[in-house]
Amino acid sequence: MDERSAQQVAQTADTLPTRRQFLTMVGALGGAAVMYQVMGMMGMAHASPYAGKIDLGSAPPNTKVLVLGAGIAGMVAAMELRDAGYEVEVIEFRDVAGGRCWTLRAGDTYEELGGFVQTVDFAEGNYFNPGPWRVPYNHYGILDYCRRLGVEMEALIQINNNSYLHSATKFDGKPIRYREINSDFRGHISDLLSKVTNQGLLDEVLSDADKTNLLAGLRTFGGLDADNAYLKSNNASARRGYERAPGGGVDGAPIANDPIALSTLLDSGLWRSLATSEALNGSMPIFQPKGGMDMIARAMAANLGDLVKYNKRVIRINQDDSQVTVTYQDMDNGGAEVTTTAPYCVCTIPFSILSKIEHDFSDPLWEVIDSMYYASSIKVGIEFKRRFWEEDEHIYGGTTYTDLPIAQISYPSNDYLSNKPGVLLAAYAWGATAYQFSSMAPEERIQRTLDFGAQIHPQMHDEFKAGVAVAWHRVPWTHGCYGQWRDKEAQYQDAVAMDRRVVMAGEHLSYLPAWMEGAVLSSLDAITRLHAVATANAGEQ
């Protein structure tokens, strides 16, 4: 490297953000979920550390634990504490368990904050998951509970080469098949790298044998021809698709089509969605419970039976040196106030709700609770009279990504080729877009989703049957989608620490935010520490 080049490298290094600064910028722009995806691509986020069924040992005799909230974290805590011999009482605000692990089906009615009421008019057997909708293969904890509880799982297709990548301003607004962008991006990169290699620009870092192997790899990876070029050819079309696909008879010979020019491809920005399938939490295989995500919650609730008390609205949490006192309104009894006590408590109530409940937690914990805000998100599920994405466009599962406000369309990974209505996740967006959707009535959210989606699938308006639109800041039991920290590095230990006789748990107290796995891991950690305190206290008596 000459002196000028060295100076340029030094100057560039001085202006590049640090890894932490880069992730901070990503988090500010895209939120925690996007930041975690980027961390996965950078090798900084890892698979779940779940190592198998927890063994707490034996509970101190006659020791009770209150569990506040029957979401995933609360029910995991309740099952494991019960199995260890604790007396357990679960207090739940809703009339069903699951929290954000929630499914809407035909005939269900949902009333959101602000009074909008939606009745789901789907065909029998169809459903929509407003909250979690995927279980990555490396979320070992939640999958283990599914296995133990007999929840039947099936594959969910996240990435489908026949789905679309779409920009409203590129390619005249026409959606482009995922495989075309993916194949052309890989092909052009491989072509460029092969040229650099052949020109000797990598001689300082590659031996002759390395260069030979690299060029062979690039031909395979990028679909290059014998001259290491990515050009119109049957070799390239075997990946990106043909002008006329191979057939039989007189006109059976395939006709290759033209790859997208590199400059056009780069300018489109569609390549930005290609990394989705490379993140740890986005790579295949991914699973879903048969029949809807709440099959997980239903199985946990059935396991707990009458340990869960439903329709109970917690209004006060107090503690002293010997016990925790929880006061709730019994909504099955006209809102009458009821008090229950226990030596210990696991609180899984989202901080967005907990901040509105009277309590006497320590100042450091209260500061975290009060400062944590919850992400905005909008999900719209639309049922169509026929599965036009399969019949007309040969899309079976997978996701289309777009720069329209709907952000993505996910195609169902079940009931393929059936002659009955199907449900699309027709919009799933975050941030400012979600706030805009939240300000609309549900009918307008659905109409706007159809208008945007029709730019990709023109059939949408004609085939529309029914829809439901969930704006998470209007969901009564969370007031948002998932917890976001003001300063996680400084506040995390204060939030997870045992606060006298209360310990917190939930996805917000994990490094897997917005995932059920985060709730599972947080819960197991919390009850392990609670059990240690309870055992130590019992030994001192």
Side-chain angles (χ1 to χ4, degrees), residues 54-93 304 307-309 312-329 337-351 353-370 372 483 491-510 519-541:
I54 191 173
D55 182 9
L56 292 176
S58 298
N62 304 314
T63 303
K64 179 180 179 181
V65 179
L66 293 173
V67 176
L68 307 184
I72 297 299
M75 290 193 286
V76 165
M79 288 188 293
E80 298 299 348
L81 289 168
R82 176 206 59 195
D83 291 350
Y86 286 93
E87 179 186 350
V88 177
E89 180 181 1
V90 184
I91 309 299
E92 169 55 36
F93 168 70
L304 290 169
L307 295 183
V308 184
K309 295 182 176 179
K312 310 295 186 263
R313 180 175 177 266
V314 175
I315 59 173
R316 193 175 305 113
I317 305 169
N318 298 108
Q319 58 180 323
D320 55 30
D321 291 337
S322 62
Q323 68 178 12
V324 181
T325 301
V326 173
T327 303
Y328 60 83
Q329 292 176 323
E337 291 192 10
V338 178
T339 297
T340 184
T341 62
Y344 303 98
C345 174
V346 178
C347 180
T348 70
I349 298 173
F351 283 3
I353 302 297
L354 191 57
S355 63
K356 301 171 179 63
I357 294 174
E358 183 182 332
H359 60 76
D360 58 2
F361 300 137
S362 65
D363 288 343
L365 177 56
W366 165 239
E367 183 179 347
V368 182
I369 295 170
D370 190 48
M372 183 176 287
Q491 296 178 313
Y492 190 81
Q493 293 304 321
D494 288 332
V496 299
M498 190 95 181
D499 192 77
R500 288 185 289 173
R501 290 178 172 267
V502 178
V503 66
M504 303 288 162
E507 58 79 22
H508 50 297
L509 301 173
S510 77
V520 169
L521 297 175
S522 171
S523 183
L524 295 178
D525 175 74
I527 63 174
T528 298
R529 289 181 288 111
L530 182 149
H531 177 67
V533 170
T535 302
N537 288 342
E540 294 173 358
Q541 295 175 357

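From a predicted model like this one, the values you see are computed outputs, not experimental measurements.
Thr63 is not listed as a side-chain neighbour of His531, based on a closest heavy-atom distance of 4.5 Å or more. The shortest side-chain heavy-atom distance between Ile349 and Phe93 does not fall under the 4.5 Å cut-off. Considering only heavy atoms from C-beta on, Leu365 comes within 4.5 Å of Met504 through its side chain. Two residues are said to be in side-chain contact when any heavy atoms from C-beta on lie closer than 4.5 Å; His359 and Val502 fail this criterion. Using a 4.5 Å cut-off on side-chain heavy atoms (C-beta onward), Phe351 and Leu509 make contact.
The OG1 atom of Thr341 sits 6.0 Å away from the NZ atom of Lys64 when rounded to the nearest 0.5 Å. Rounded to the nearest 0.5 Å, atoms CD (Glu337) and CZ (Arg313) are 10.0 Å apart. Asp83 contributes atom CG, which lies 10.5 Å from atom CG of Asp55 (distance to the nearest 0.5 angstrom). In this structure, Ile91 CD1 and Lys312 NZ are separated by 8.0 Å, a value rounded to the nearest 0.5 Å. Summarising the geometry, atom NZ belonging to Lys356 is positioned 9.5 Å from atom CG belonging to Asp370; distances are rounded to the nearest 0.5 Å. One distance of note links CG of Leu524 with OG of Ser510; it measures 12.0 Å at 0.5 Å rounding.
A cation-pi arrangement is present between Arg501 and Tyr344 under the rule of less than 6.0 angstrom and at most 45 degrees off the ring axis.
In this structure, Ala73 and Gly506 approach most closely via the heavy-atom pair CB-CA, 3.9 Å. Minimum interatomic distance between Cys345 and Val324 (heavy atoms only, all atoms of both residues): CB-CG1, 3.9 Å. Leu56 approaches Glu80 most closely through the heavy-atom pair CD1-O, 4.0 Å. The two atoms that bring Trp366 and Ser355 nearest to each other are CH2-O, 3.7 Å, heavy atoms only. The shortest heavy-atom contact between Ile527 and Ala77 is CG2-CB, 3.6 Å. Of all non-hydrogen atoms in Gly57 and Ala84, the two that sit nearest each other are O-CB, 3.5 Å.
More than 12 heavy atoms of other residues, nucleotides or ligands lie within 6.0 Å of CG in Asp320, so this atom counts as buried by the packing criterion.
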Run the side chain to side chain contact (heavy atoms under 4.5 Å, CB included) test on Leu304 and Met79 for me, step by step, so that the C-alpha distance in whole Å, both residues' side-chain angles and the decisive distance to 0.1 Å come before the verdict. CA-CA 7 Å; Leu304 290 169; Met79 288 188 293; 3.6 Å; yes
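At distances below 3.5 Å, at least one donor-acceptor pair connects side-chain atoms of Arg529 with backbone N or O atoms of Val496. With Ser523 contributing its side chain and Ala505 its backbone, the two residues share no donor-acceptor pair below 3.5 Å. Within the 3.5 Å criterion, the main-chain N or O of Asp360 finds no donor-acceptor partner in the side chain of Gln319.
Just one residue in the list Asn318, Val368, Leu354 forms a side chain to side chain contact (heavy atoms under 4.5 Å, CB included) with Phe361, and that residue is Leu354. Of the candidates Leu81, Leu68, Leu66, Val346 forms a side chain to side chain contact (heavy atoms under 4.5 Å, CB included) with just one, namely Leu81.
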